[in-house]
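Written out below as structure tokens is the structure these notes cover.
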Amino acid sequence: MNYVVGNLVEPVFRPPSEWDALLIAITTGCTRKCTFCSMYRSKKFSIRKNTEEIKEDIRKARAFYGDRVQKIFFEDGNAFVVKTDILAELTRFSYEIHPNLRKVSAYAHAKDIVSKSDEELRMLAESGFTMVYVGIESGDDDVLKACKKGTTQDEIALAAQKCHKARIAWSGIFLLGLAGNDPEKSRKHAIESAKLINQMAPPTPIKWYVSPLTLQVVPNTELWEQISTGEFQPCSSEQILEELHTMIMYTSNDLHKCVFNTNHASNYMGLKGELARDKEKFLSIIEAGIKNPTLRRPDYLRGL
Ligand code: SF4
């Protein structure tokens, strides 16, 4: 259960692993409008300018929850867009107020990471900012352009390397099915995503995270419209598994400390392990799932 105080505007989202974090709003909404995403469509993007008011939320949480808060997640969609000195100030203040705090994280767009200098990122890490969750979606520049992600494979690889250098943990989220059901496009999406995973690997062995999710087309999105006009045709569950198989197959064999996780409820099969160590095991599990539909999570049990 999340700890909640202050000025959060519904609906609120956070990564599954932040289910027990204190949620502190420092922005409202998201800076972008990706074609598949409905999460923040109802909110106009804004940055909370009054830092003292945010600090008051952090203090209030101490009064409500005592010393139980161990994690803080800065909301909303793209909190990393906030200026580095403000992020660092709020992070430092959070540790002052919550004695058992051990993690501070936020969603981040690759562009906003790249726009911060190495020195700024190092300063942020030193303040105690621990982790970014980055919606990568694809390593394929054509897919990134089509979904209006506003970034490229090169930029995302650079963002990952900058975070590794600063010692800010990296969690990258891919979206299976985003290229649609054209077999060639789907395969390219998988291969380019694997290429990007290889480029994101840290130069020294530190833990990092890759989590593919599966596309679910929802109302109030451009992709929903594109389905109704026939411009976009979604993948079958078998195609999604083939995409995942290709993606894993094309990753290099030395991705130690890369935690690979498909346990998200949107996926047809749950895998969790270290990519280098478990690659062959993952491939066999997916091959079994491709052959036998009963091994796949049924659609009615899939959700976001
Ligand atoms: S950047 Fe993320 S949260 Fe914002 S619109 Fe795109 S997918 Fe949604």
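Bear in mind that the values here come from a model prediction, so they are computed numbers and not experimental data. All ligand and atom numbering here is 1-based and tracks the order in the structure.
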Legend entry - Protein contact to atom 4 (Fe) of ligand 1 [nearest heavy atom, distance to 0.1 Å]: Cys30 SG, 2.3 Å
Inset, instruction - List the closest protein heavy-atom neighbour of atom 8 (Fe) of ligand 1: residue, atom name, distance to the nearest 0.1 Å. - result: Cys37 SG, 2.4 Å
Inset, instruction - Taking only heavy atoms of Arg32 into account, list the atoms of ligand 1 that are under 4.0 Å away from them. - result: 5 (S)
Legend entry - Side chain, backbone, both or neither: Cys34 near ligand 1, heavy atoms under 4.0 Å: both
Legend entry - Within reach of ligand 1, part of Tyr40 (heavy-atom separation under 4.0 Å): side chain
Legend entry - Numbered atoms of ligand 1 (with element) below 4.0 Å of Lys149, judged on heavy atoms: 1 (S), 2 (Fe), 6 (Fe), 7 (S)
Legend entry - Asn198 and Tyr250: CA distance, side-chain angles, deciding distance, side chain to side chain donor-acceptor pair (under 3.5 Å) verdict: CA-CA 9 Å; Asn198 297 340; Tyr250 275 81; over 6 Å; no
Inset, instruction - Go through Trp224 and Thr221 one step at a time and tell me if the side-chain contact (heavy atoms from CB on, under 4.5 Å) criterion holds. - result: CA-CA 5 Å; Trp224 181 267; Thr221 61; 3.3 Å; yes
Legend entry - Side-chain heavy-atom pair Ile72, His98 within 4.5 angstrom cut-off: yes
Legend entry - Electrostatic pair Glu184:Arg187 at N-O distance under 4.0 angstrom: no
Inset, instruction - Heavy-atom contacts with Phe36 under 4.0 Å: which atoms of ligand 1 show up? List them by number with element. - result: 7 (S)
Inset, instruction - May I ask you to check if Lys148 and Phe36 form a cation-pi contact, with NZ or CZ under 6.0 angstrom from the six-membered ring centre and within 45° of the axis? - result: no
Inset, instruction - Give a yes or no on whether the ring-centroid distance for Tyr107 and Phe13 is below 6.0 angstrom. - result: no
